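What follows is a single structure, written as structure tokens, with notes after it.
Just so it is clear: chains get the letters A, B, ... in the order the sequence lines come, proteins before strands, and each one is counted from 1. All of these numbers come straight from a predicted model, not from anything done at the bench.
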Amino acid sequence: MALGYACICIGDYNRLKSLRLAGASEQKLEMIYRHNLGVLRSNISYNIKHGIKLFRVSSDIFPLITHSEIAFEWKNRFREPFDEIKALVSDSGMRLSMHPGQYTVLNSGNQEVVDKAVVEIDHHSEFLSCITPDAYAPVVLHVNSARGDKKTAVSRFKKGFERLSDASKKRLCLENDEKGFSARDIYDLACEIDVPCIFDNLHNAMNPSYELSDKEIIEVFSKTYVGKRQKIHYSQQAEDKRPGAHSVTISHREFLRYYGDVSGEDLDIMLEVKDKDLSCIKCINCLDAKNSSRYREWARYKYLVMEKDIEAYHRIGKLFNTGSFDFDKFYTIVDAVIKKGSDRGLETNAVMHVWGYFKKTASDEEKRRYAKYIEKINDISIETIKTFLLSLAVKYDIGYLKESIYFFGEIYKK
DNA sequence: TGACGTCAAGATCCG
DNA sequence: CGGATCTTGACGTCA
């Protein structure tokens with residue numbers, strides 16, 4: 001069993017860069033692609049550190065690479081970073097995947113769209129082969145178009161599939177869609193073209209087909225995995241958003257129930273959730289609480305809790321002091337805290353705590369800048385100050401702060 | 001034609 | 001000028 005998350009690593013301050021077609025010079029592409037490979041390597045190191053063995057690589061790693069107006073040789077140019085990444089992936093036994101988005105439509109009625117989809121999917125599998133030794137690292141795809149009737153949509157898909165490279169055919173997996181192709185639809189199609197099926201619980205809830213429980217559908221889908229580990233997608237409905245929208249964080253208790261229901265220990269489970277790796281680590285800890293990870297986890301959340309709810313901060317401290325700590329209690333408190341609104345007094349207090357790390361070492365210019373922020377504390381956004389503080393944490397290499405989720409709390413707003 | 005989804009880049013506005 | 005806020009891009013489908 002492996003638990004994973006998709007594309008963006010919240011807890012790693014390194015972020016992918018992008019660009020516009022208008023500014024896509026050779027040098028600019030080279031710079032951005034190289035940067036993004038550095039981010040990928042950093043994300044993978046982070047995953048290893050936190051025991052995460054399943055990771056979806058973002059399609060945005062090489063923006064515009066398959067665009068018709070872009071001709072960029074990438075395979076030879078990035079051999080070194082590829083090999084470094086591959087070694088990390090190989091040594092850790094991490095399973096990678098990729099997932100072209102909603103605009104890759106292999107069975108479109110428009111031939112140009114199909115041409116592009118073939119290029120896109122082949123690129124994904126080529127890219128994967130550069131960074132993972134796993135011949136079955138999947139490229140996951142939705143059928144996407146049910147235009148006309150499903151029968152003709154299926155035959156269009158089979159035609160498109162035939163045009164893929166052999167490598168792509170081996171990597172391709174189908175996922176049940178939120179509308180259009182349901183679990184039953186993709187299972188029938190997948191059996192015909194001999195590819196595995198990925199079950200997505202929330203899509204299935206939106207677009208049900210079988211009169212079967214999730215566990216039973218997963219059992220049906222397991223037949224499409226021969227000599228490969230079965231993978232599913234798991235997400236929870238966001239309380240206050242459109243039906244089908246992913247929750248901001250995973251409720252660990254709900255996850256544990258589901259995990260028990262579907263015999264999760266036999267599956268690779270990709271979590272689809274806004275807070276990404278944070279929920280992934282939460283679920284890993286709740287399944288298998290290692291004594292050593294509790295302190296690290298509290299260290300990461302510490303200032304985020306401090307700026308939202310000082311009583312909760314003390315309650316968690318007490319869990320440690322009284323020896324009554326467990327991850328269920330810890331995350332229950334944290335999950336309540338992240339839902340709270342902001343309080344400028346508490347935010348300022350947390351800012352001052354974090355500034356304490358730099359008080360002595362900061363340059364005069366940095367001290368002036370900090371003083372200016374504090375002076376105008378009520379007129380500027382707290383994110384501006386956090387951006388500044390994070391840049392200091394990176395510059396002065398304060399590991400404790402660089403790993404703090406404090407800097408990424410904005411994902412829990414709105 | 002515009003909504004859908006995504007999120008950083010880029011543009012523009014404000015003090 | 002820095003910082004906040006709005007718009008654009010890149011894509012295909014479908015009402």
Side-chain angles (χ1 to χ4, degrees), chain A residues 5-10 13-25 28-29 31-33 35-36 39 56-70 98-121 123-124 141-150 152-153 156-157 160 175 177-181 200 202-203 206-207 235 238 241-248 272-276 365-366 368-391 408 410-411 413-414:
Chain A
Y5 66 98
C7 302
I8 296 171
C9 184
I10 300 294
Y13 61 87
N14 293 292
R15 291 285 183 264
L16 294 178
K17 285 184 182 295
S18 188
L19 83 171
R20 294 287 114 83
L21 186 56
S25 65
K28 193 88 195 235
L29 289 169
M31 190 274 279
I32 284 176
Y33 292 177
H35 169 87
N36 286 353
V39 174
R56 181 190 303 165
V57 178
S58 172
S59 296
D60 296 333
I61 194 96
F62 283 176
L64 297 172
I65 190 71
T66 59
H67 196 284
S68 59
E69 291 171 46
I70 301 288
M98 292 187 84
H99 196 341
Q102 58 178 313
Y103 299 112
T104 300
V105 186
L106 190 57
N107 68 337
S108 172
N110 178 342
Q111 203 50 44
E112 282 174 30
V113 172
V114 179
D115 294 345
K116 284 189 208 166
V118 171
V119 170
E120 187 74 12
I121 294 165
H123 173 264
H124 276 76
L141 194 71
H142 289 284
V143 177
N144 273 329
S145 172
R147 190 199 287 256
D149 59 286
K150 277 182 188 162
T152 49
R156 286 200 307 272
F157 193 94
E175 176 184 353
D177 212 336
E178 188 178 299
K179 54 187 176 186
F181 276 68
D200 183 304
L202 195 55
H203 292 159
M206 307 292 303
N207 184 17
S235 56
K241 291 194 198 132
R242 66 163 181 95
H246 296 148
S247 64
V248 66
E272 297 190 322
V273 57
K274 279 265 180 288
D275 71 354
K276 306 287 183 184
E365 217 259 274
E366 287 157 357
R368 271 199 301 279
R369 196 159 158 200
Y370 176 74
K372 203 180 87 188
Y373 285 145
I374 290 300
E375 194 187 315
K376 298 196 294 180
I377 190 81
N378 291 313
D379 304 321
I380 62 169
S381 96
I382 215 76
E383 304 307 331
T384 303
I385 308 178
K386 285 190 185 182
T387 303
F388 171 62
L389 292 172
L390 175 58
S391 75
F408 314 111
E410 77 269 23
I411 59 163
K413 289 182 180 160
K414 261 192 87 181

[X] [atom1] - [N] [atom2] separation (whole Å):
X	N	atom1	atom2	value
Arg56(A)	dT6(B)	CZ	P	12 Å
Asp149(A)	dC14(C)	CG	P	13 Å
Lys179(A)	dA15(C)	NZ	C1'	10 Å
Gln102(A)	dG5(B)	CD	P	8 Å
Leu106(A)	dG12(C)	CG	C1'	13 Å
Asp379(A)	dA4(C)	CG	P	10 Å
Glu120(A)	dG12(C)	CD	C1'	12 Å
Asn36(A)	dA8(B)	CG	C1'	11 Å

Out of [options], whichever nucleotide has its closest atom nearest the side chain of [X]:
X	options	value
Tyr103(A)	dG12(C), dA10(C), dC7(B)	dG12(C)
His67(A)	dG12(C), dA10(C), dG3(C)	dA10(C)
Lys274(A)	dG2(C), dT6(B), dA4(C)	dT6(B)
Ile380(A)	dA10(C), dG5(B), dG3(C)	dG3(C)
Lys116(A)	dG3(C), dG5(B), dC11(C)	dC11(C)

| query | Starting at the 5' end of DNA chain C and moving along, which residue's nearest nucleotide shows up first, Leu64(A) or Asn110(A)? | reply | Leu64(A)
| field | Residues Arg56(A) and Glu175(A) bridged, charged N to O under 4.0 Å | value | no
| task | Look at the side chain of Tyr373(A) against the base of dG2(C) and say whether a donor-acceptor pair falls under 3.5 Å; ignore hydrogens and angles. | result | no
